[in-house]
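In what follows, chains are A, B, ... by sequence order, proteins preceding strands, each numbered from 1.
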Amino acid sequence: MKSSLLRKIAGYAFAIVFIVAGWWITALAVDSPALPTPIAAVEVLTANVDALVPYFLTSAWRVVVSLLIGTLLAVPLAQAFTRSPVLDTLFAPVVYLLYPIPKVVLLPVLLALFGLADAPKIVLISLTVFFQVLVAVRDAVRSVPQSALLAIRSLGGSPWDEYKHVIVPATLPAVFTSLRIGVGTAIAVLFIAEAMAGSTGLGYYIMQSWSMVNFPRMFAGIIAMALLGIVLYAIFDIIERSLTSWR
Amino acid sequence: MSTQNPGACVEFAHASVTYTSGSEHVSACHDVSLSIGAGESVALIGPSGCGKSTTLHMAAGLLAPTEGNVLINGSAIEKPRQTTAFIPQDLGLLPWKTVLQNASLGLIVQKIPKHEATERARAALAQVDLAGFEHAYPKELSGGMRQRLALARALAADADLLLMDEPLSAIDSLLRESLQDTLLELWQQRKHTQMLVTHSIEEAVYLGERIVVFSPRPGTVVADIQNPLMGTETWRDSPQFAQKCLEVRYALTAGACDTLRKEGK
Ligand SMILES: Nc1ncnc2c1ncn2[C@@H]1O[C@H](COP(=O)(O)OP(=O)(O)OP(=O)(O)O)[C@@H](O)[C@H]1O
Ligand SMILES: [Mg+2]
């Protein structure tokens with residue numbers, strides 16, 4: 001137990017050293033103000049932290065709300081699909097055709113419909129997340145062991161019991177796996193949406209710094225956005241692990 | 001343990017099942033008539049795909065007959081009963097629940113207070129020698145232990161009807177015999193009604209007071225062999241045991257030949 005924890009810490013320490021070293025060497029090689037060395041980056045980050053916080057919170061709020069909306073819509077729908085053959089035959093092709101479309105191309109439409117504030121960004125990220133979770137959960141429900149359902153049904157379990165004791169625990173890990181994997185896409189979409197429209201959020205902050213040729217400020221924004229991704233990824237990873245301790 | 005239910009009576013009255021998927025109709029079992037008394041142990045044997053599982057699903061209330069009736073204690077089954085325990089072929093354990101949670105599942109579904117459910121589940125686990133594994137997950141158990149866990153779930157629910165679909169088919173032969181002994185002892189102690197689907201003639205003869213032989217699909221009862229010596233001491237090693245096995249084998253072959261003849265082959 002203890003040694004595995006130590007090994008984990010050592011693993012992360014090595015990873016950090018590796019990444020920082022790679023960054024450092026690249027920065028020295030490129031030798032451009034657009035790519036500061038790690039030390040310079042930490043300096044700009046601490047210098048800009050007060051200004052960054054509101055932008056960070058706006059972005060974090062948008063992405064978290066969108067993840068929630070997308071998930072809360074997708075999970076029950078995916079479960080309904082798989083419980084009802086009729087729904088599934090009707091909608092599976094719809095999902096299949098819509099899933100691979102990059103939702104981010106809808107950004108101009110959403111901007112025209114919803115203006116420049118939070119709404120178009122939240123709708124766009126929710127859409128992206130929605131399809132990812134929908135597809136993952138649909139697959140997960142399909143692989144629920146039939147015998148588990150038979151067993152609980154034969155014990156006189158109601159449909160609600162089936163849902164609570166079988167469907168939910170069997171699919172919840174898939175939800176968090178798809179969220180963890182979806183964090184990267186969600187933040188990429190967030191960046192594009194914020195960079196293109198409006199005057200709030202880290203995406204705006206980064207692109208504004210870029211247009212002012214204020215590279216240290218720009219880099220502080222980039223680091224903040226990376227941190228947002230890492231934190232969300234880690235949160236979903238921890239939840240996923242705690243849900244799958246039985247595996 | 002809790003109060004013991006007397007075994008349930010099961011009656012199949014001209015029960016048939018036809019599966020329909022799209023325009024295809026598969027007649028799985030046809031005109032099954034079979035009357036099982038309280039506390040009887042019946043082994044069901046027949047060729048692969050002859051509708052044994054289908055028959056068991058009807059008794060469990062998981063499937064309604066397309067024609068005919070299935071009655072338990074005199075009334076038609078409309079939905080699964082809480083005191084019927086059904087053990088599917090791959091046991092139907094929930095991998096995300098601990099041994100204790102799996103064992104108490106039937107009680108939780110029956111809305112029995114949690115502490116009582118836990119207590120009864122613990123007692124049932126002790127009965128099948130799984131005390132001490134309450135907090136393990138099914139994947140941490142061996143095949144035989146998983147098997148006993150599925151039994152504990154039935155015991156905890158205080159089942160008066162135990163339906164098992166090839167429960168021991170995935171178990172190697174030595175362990176299989178010891179689990180057969182466990183099944184036999186439990187049945188002798190509790191006197192619940194049990195129906196056991198099996199592919200093994202020896203298992204049918206070891207565990208069935210009656211051995212019901214099915215014809216090839218669509219399955220119907222072709223022989224109902226009484227097996228009064230079942231459960232007696234050293235039964236497995238007696239000459240009568242071997243003889244009974246032969247009798248079942250003949251019935252199986254005769255059933256298969258009859259069907260072939262009817263089909264004109
Ligand atoms: N849900 C279903 N839909 C359509 N056909 C089915 C279904 N379940 C079973 N069948 C068919 O009905 C027939 C009887 O199936 P069943 O599972 O009851 O047989 P079995 O005697 O248990 O076979 P085995 O010994 O292989 O377990 C088989 O031909 C099978 O293909
Ligand atoms: Mg079967």
Between Gly156(A), Pro173(A), Ser147(A), Pro145(A), which shows the greatest number of heavy-atom pairs under 4.5 Å with chain B? Ser147(A)
State whether a side-chain donor-acceptor pair under 3.5 Å links Glu194(A) with Thr200(A). no
No-hydrogen, no-angle side-chain donor-acceptor test under 3.5 Å, Glu240(A) and Thr177(A): yes
Please classify the contact of Lys79(B) with chain A as side chain, backbone, both or neither, using a heavy-atom distance under 4.5 Å. neither
Given that the side chain runs from C-beta out, which part of Tyr137(B) has a heavy atom under 4.5 Å from chain A: side chain, backbone, both or neither? side chain
Under 4.5 Å heavy-atom distance to chain A, tell me which part of Pro80(B) shows up: side chain, backbone, both or neither. both
Lys NZ or Arg CZ of Lys103(A) over Phe131(A) ring: under 6.0 Å, within 45°: yes
Would Thr198(B) and Glu166(B) count as a side-chain hydrogen bond (donor to acceptor under 3.5 Å, both in side chains) here? Give the steps. CA-CA 5 Å; Thr198(B) 177; Glu166(B) 302 186 34; over 6 Å; no
Look at Ala85(B), Ala154(B), Gly61(B), Pro95(B) and state which one has the largest set of heavy-atom pairs under 4.5 Å with chain A. Pro95(B)
Using modelled atom types only, decide if a donor and an acceptor are shared between the side chain of Lys121(A) and the backbone of Leu190(A) within a distance under 3.5 Å. no
Of Leu150(A), Leu149(A), Thr244(A), the largest count of non-hydrogen pairs under 4.5 angstrom with chain B goes to Leu150(A)
I'd like to know if Asp129(B) and Arg148(B) make a salt bridge, using a cut-off of under 4.0 Å between side-chain N and carboxylate O. no
Between Ala151(A), Ser158(A), Pro169(A), who has the most heavy-atom pairs with chain B when the cutoff is under 4.5 Å? Pro169(A)
Check each atom of Ile87(B) against the heavy atoms of chain A and say whether the ones under 4.5 Å are side chain, backbone, both or neither. neither
Any idea which of Arg153(B), Gln89(B), Gln110(B), Glu140(B) has the most non-hydrogen atom pairs under 4.5 angstrom with chain A? Arg153(B)
Phe91(A) vs Phe81(A) aromatic rings, parallel, tilted or perpendicular, using cut-offs 30° and 60°? parallel
